[in-house]
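Report on the structure given below.
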Number of protein chains: 2
Amino acid sequence: MSKSLIELTPVETVACCSPLTKEPLSHDQAERIAPLVKALADPVRLRLLSIVASHADGEACVCDLNDAFDLSQPTISHHLKVLHEVGLLDREKRGVWVYYRLNAGALRDFGALLGGVVG
Amino acid sequence: MSKSLIELTPVETVACCSPLTKEPLSHDQAERIAPLVKALADPVRLRLLSIVASHADGEACVCDLNDAFDLSQPTISHHLKVLHEVGLLDREKRGVWVYYRLNAGALRDFGALLGGVVG
DNA sequence: TGATTACATCGATAATTGTCTATGTCCGAT
DNA sequence: ATCGGACATAGACAATTATCGATGTAATCA
């Protein structure tokens, strides 16, 4: 049995929609997709995502990420939370450290939605 | 001779960058890409873009767009301006009407940046 | 010329958000 | 049991933004 709509993260919602250019988005579709786009609409979060994605083993711990920015630790934590909540980053705690990993399918679906490329 | 960097719209800047997942974005790259993502990070603008893109002849006049929303005309005008300024929508005035048209390449480059699909 | 229609701009306001400091929580080590 | 380090949460504040009504501008028509 599939998840109910209410449980879907924004990225999962995106995966089911036609490319933007094929037909007009409904009000509800737009309302569900926008949070995902918003999550990426910040230079710090764009960098965070790209750093995590291109990191060795495909994951990075928060300590590495903190060092890459001139921002406080809570600020980075906040941005990671935003990316995690929309489903773009997965998190896993191992010991004292927390590792973030890209949800590659999510990003790909997102790109397909915008560019009209069918996976 | 190509345009200098300073004249490029955000979408044109995007077109030259590696996919997000290949290597970390620099601070400056992220700062230039973010405004483009921000332009799409609103449900009204997502719908505006999809309506224009899927409209007959690939263009729509503002009067059509106003009718599609329960928002004031200045508000729609504002959102169209945002999309135009980042290069996602082209505009052309014909008589009394203003027509907006999708910059398809811009959206495709954007999708490729996110999804890692090479054009 | 004057009126009307289509769209943009201006100025104000309420809501959102990025950032900080301070504090809390969980885990491993001594 | 206690301490210290890694990360999250809470609360506050400043900056951004989505929206509106009022007004400006440009083109058509009578």
Side-chain angles (χ1 to χ4, degrees), chain A residues 10 25 27-28 30-49 51-52 55 59-101, chain B residues 10 25 27-28 30-49 51-52 55 57 59-86 88-101:
Chain A
L25 243 40
H27 173 89
D28 290 350
E31 291 287 342
R32 282 189 307 228
I33 296 174
L36 172 61
V37 188
K38 252 189 229 291
L40 270 179
D42 180 276
V44 175
R45 291 197 288 269
L46 281 170
R47 290 189 66 200
L48 279 170
L49 196 82
I51 291 174
V52 168
H55 206 265
E59 65 180 14
C61 84
V62 179
C63 53
D64 294 330
L65 300 172
N66 281 331
D67 293 345
F69 297 85
D70 262 349
L71 294 169
S72 70
Q73 173 265 319
T75 295
I76 299 299
S77 188
H78 161 70
H79 287 303
L80 289 170
K81 183 181 186 179
V82 171
L83 290 169
H84 174 61
E85 282 177 342
V86 299
L88 281 170
L89 288 185
D90 297 327
R91 52 186 294 196
E92 183 188 354
K93 183 161 186 173
R94 292 205 298 272
V96 185
W97 298 278
V98 172
Y99 291 86
Y100 283 89
R101 176 180 295 274
Chain B
L25 283 175
H27 174 88
D28 290 351
E31 291 287 343
R32 282 189 308 228
I33 295 174
L36 172 61
V37 189
K38 253 189 230 289
L40 270 179
D42 180 277
V44 175
R45 291 197 288 270
L46 280 170
R47 291 188 65 200
L48 279 171
L49 197 81
I51 292 175
V52 168
H55 206 266
D57 301 327
E59 66 181 13
C61 84
V62 179
C63 51
D64 295 329
L65 300 172
N66 282 331
D67 293 345
F69 296 85
D70 261 349
L71 293 170
S72 71
Q73 174 264 319
T75 295
I76 299 299
S77 188
H78 160 69
H79 286 302
L80 288 170
K81 182 180 184 179
V82 171
L83 290 169
H84 174 62
E85 281 177 343
V86 299
L88 281 170
L89 289 185
D90 297 329
R91 53 186 293 194
E92 183 189 352
K93 183 161 189 174
R94 294 206 297 272
V96 185
W97 298 278
V98 173
Y99 292 86
Y100 282 89
R101 176 181 294 273

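In what follows, chains carry the letters A, B, and so on, assigned in the order in which the sequence lines appear, proteins first and then strands, with residues in each chain numbered from 1.
Environment of CG in A/D67: crowded, with over 12 heavy atoms of neighbouring residues, nucleotides or ligands closer than 6.0 Å.
Regarding A/K93, its NZ atom lies at a distance of 9 Å from the C1' atom of D/dA8, rounded to whole Å. Distance A/E85 CD to D/dT9 C1': 12 Å, rounded to the nearest Å. With rounding to whole Å, A/F69 atom CZ is found 15 Å from D/dC7 atom P.
Rounding to the nearest 0.5 Å gives a distance of 11.0 Å between CG of B/D64 and CH2 of B/W97. Interatomic distance, A/Q73 CD to A/T75 OG1, rounded to the nearest 0.5 Å: 8.5 Å. Atom CG of residue B/D90 and atom CG of residue B/L83 lie 11.5 Å apart, to the nearest 0.5 angstrom. Distance check: B/D28 CG to A/R47 CZ gives 9.0 Å after rounding to the nearest 0.5 Å.
The nearest heavy atom of DNA chain C to A/H79 and to A/R94 marks one nucleotide each, and the one closer to the 5' end goes with A/H79.
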In the 5'-to-3' direction, what one-character label does each nucleotide of nucleotides 3-17 of chain C receive under the scheme B = base within less than 4.0 Å of a protein heavy atom, S = sugar-phosphate only, - = no such atom? ---SBBB-------S
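Between A/L88 and A/V82 there is no side-chain heavy-atom pair separated by less than 4.5 Å.
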